[in-house]
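To find a chain, count down the sequence lines: A is the first, B the second, and so on, and within it residues start at 1. Quick caveat, the model's predicted, so the values are computed rather than measured.
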2 protein chains.
Amino acid sequence: MPEAPRPPAANVHGTKMSEEHDERFFPAVFKEVVGFHLRIAQEASFEAFGVMAGKANLKPGWYALLTILNEAGSMTPSELSKHCGRDRSTLTSTLKALSARGLIQRERKSDDQRSYEVRLTAVGFDIQRRLHAIAIEHERRLDEILGQDKDMLLTMLRRIASRI
Amino acid sequence: MPEAPRPPAANVHGTKMSEEHDERFFPAVFKEVVGFHLRIAQEASFEAFGVMAGKANLKPGWYALLTILNEAGSMTPSELSKHCGRDRSTLTSTLKALSARGLIQRERKSDDQRSYEVRLTAVGFDIQRRLHAIAIEHERRLDEILGQDKDMLLTMLRRIASRI
DNA sequence: ACAATATAGTTTGACATCCAACTGTTTGAG
DNA sequence: CTCAAACAGTTGGATGTCAAACTATATTGT
């Protein structure tokens, strides 16, 4: 436990977040604020996934990218950028890292000398498969937490993403 | 629109995300994955807030911090760190920036020479108020999108954050 | 009382991310 | 056909984040 187990220090203004673990408070004003709860839920979920992946020495940030490539077969960095929602320049370094570790390979395109196709190597497929297994496991935990309300949640999250 | 309006380039493997704006696709595997939708909804919401705040030349990242201080009166960096869920070292630079712009002031503590209390200045209160107004507006947009399902969503998000 | 331990804040280093500017390539309007 | 505009990828600079190491101060066990 990284933070102090000191007396809760004047809880007049905050609301307790988690019944069990470390004290985490938040301003009372945020109690009903969707954006805030969206953020903490997302961070909690990502953190939990990261813990599972970290135990296997895998980078959770790779998962989306490898999965996109796994489905698509191959893609240019710009396409990849659109599909994963990150800037093209962000992908430059990520792809360099993935390439250096032998998870992907680049093939120069014959019809456009500016660009190249990225595809998974055998190692890349393997890592994708292992990360996917973790994702399945993670999703199972969320299923348990959400029960029959899961579809409702997905619907609302999609609505936010598409309509805001 | 930052990205190319080229032909959608082989949509065999992706699912369209937003009917209107830029093409954004995602792997079919993620279609029912809570973690993924949590992430895109959170990013969309934060981005929308950022646009509104950016127009007023305000940093959205300051909002939580200033609001916590507004409610609490004063706090040490470590307490602030726990309340906003960021590492203590992250706060060092943020507080330096807020201090440099005159939004907060530091007071050495008499009973602990290692630490100090942070509190809002008049300017800080003003910026907090303006960011809060933006947050209210943002929340109103989300209310419109979610309608009566908002409470349901909040309940589920809280459940994820507390139980995962 | 004092040595060992814990804590508060900072510094440094590693990433991920964005944007703006740059290089080389392709396209398209005239 | 040519050259200006669009585009692909990269580079560099800024910010936000964390973890680990560090400095100074407090607390605690004996």
Pair of N/O donor and acceptor under 3.5 Å linking C:dT17 base with A:R86 side chain
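Side chain to base: no pair present.
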
Can you check whether any acceptor in the base of C:dA16 is under 3.5 Å from a donor in the side chain of A:S93, or vice versa?
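No pair found.
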
[X] has an atom [atom1]; how far is it from atom [atom2] of [N], in whole Å?
X	N	atom1	atom2	value
B:R88	C:dT11	CZ	C1'	12 Å
A:K59	C:dA14	NZ	P	12 Å
B:R114	C:dT10	CZ	P	13 Å
A:F46	D:dG16	CZ	P	19 Å
A:Y63	C:dA16	OH	P	18 Å
B:K82	D:dC18	NZ	C1'	18 Å
A:Y116	C:dG24	OH	P	17 Å
B:E43	C:dC18	CD	C1'	12 Å

Need one value for [X]: base, sugar-phosphate or nothing, where a base atom within 4.0 Å counts as base even if backbone is also close, heavy atoms only.
X	result
B:K96	sugar-phosphate
A:G50	nothing
B:S115	sugar-phosphate

Please check if the number of heavy atoms outside A:E107 that lie under 6.0 Å from its CD is greater than 12.
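Enclosed: over 12 neighbouring heavy atoms sit under 6.0 Å from CD of A:E107.
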
Side-chain donor-acceptor contact under 3.5 Å, A:R108 with A:Y116
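Their side chains do not contain a donor-acceptor pair, so the 3.5 Å distance test is not met.
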
Considering only [options], which nucleotide approaches the side chain of [X] most closely?
X	options	result
A:Q113	C:dT11, D:dG16, C:dT26	C:dT26
B:S89	D:dA19, D:dT25, D:dA8	D:dA19
A:D87	C:dT10, D:dT10, C:dC18	C:dC18

For A:T67 and A:Y63, indicate whether the former's side chain and the latter's backbone hold a donor-acceptor pair under 3.5 Å.
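Yes; judged by distance alone, with no hydrogens or angles, the pair exists.
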
Closest-nucleotide 5' rank along DNA chain C - winner of B:T92 and A:A97:
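Looking at the nearest nucleotide for each, B:T92 comes out on the 5' side.
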
For B:R106 and A:W62, find the nucleotide of DNA chain C closest to each by heavy atoms; which residue's nucleotide sits nearer the 5' end?
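First, find each residue's nearest nucleotide; the 5'-ward one identifies B:R106.
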
Under 30°, 30 to 60°, or over 60°: which ring-plane class applies to A:F36 and A:F26, parallel, tilted or perpendicular?
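Because their plane-to-plane angle lies in the 30° to 60° range, the rings of A:F36 and A:F26 count as tilted.
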
Worked verdict on A:R141 versus A:E137 for salt bridge (charged side-chain N to carboxylate O under 4.0 Å, His left out):
CA-CA 7 Å; A:R141 279 174 66 177; A:E137 173 68 16; over 6 Å; no

C:dA16 phosphate, OP1 or OP2: any side-chain N/O from A:T94 under 4.0 angstrom?
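Indeed not, no polar side-chain atom of A:T94 lies that close.
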
OP1 or OP2 of D:dT17 under 4.0 Å from side-chain N/O of B:T90
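So the side-chain polar atoms of B:T90 never come under 4.0 Å of the phosphate oxygens OP1 or OP2 of D:dT17.
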
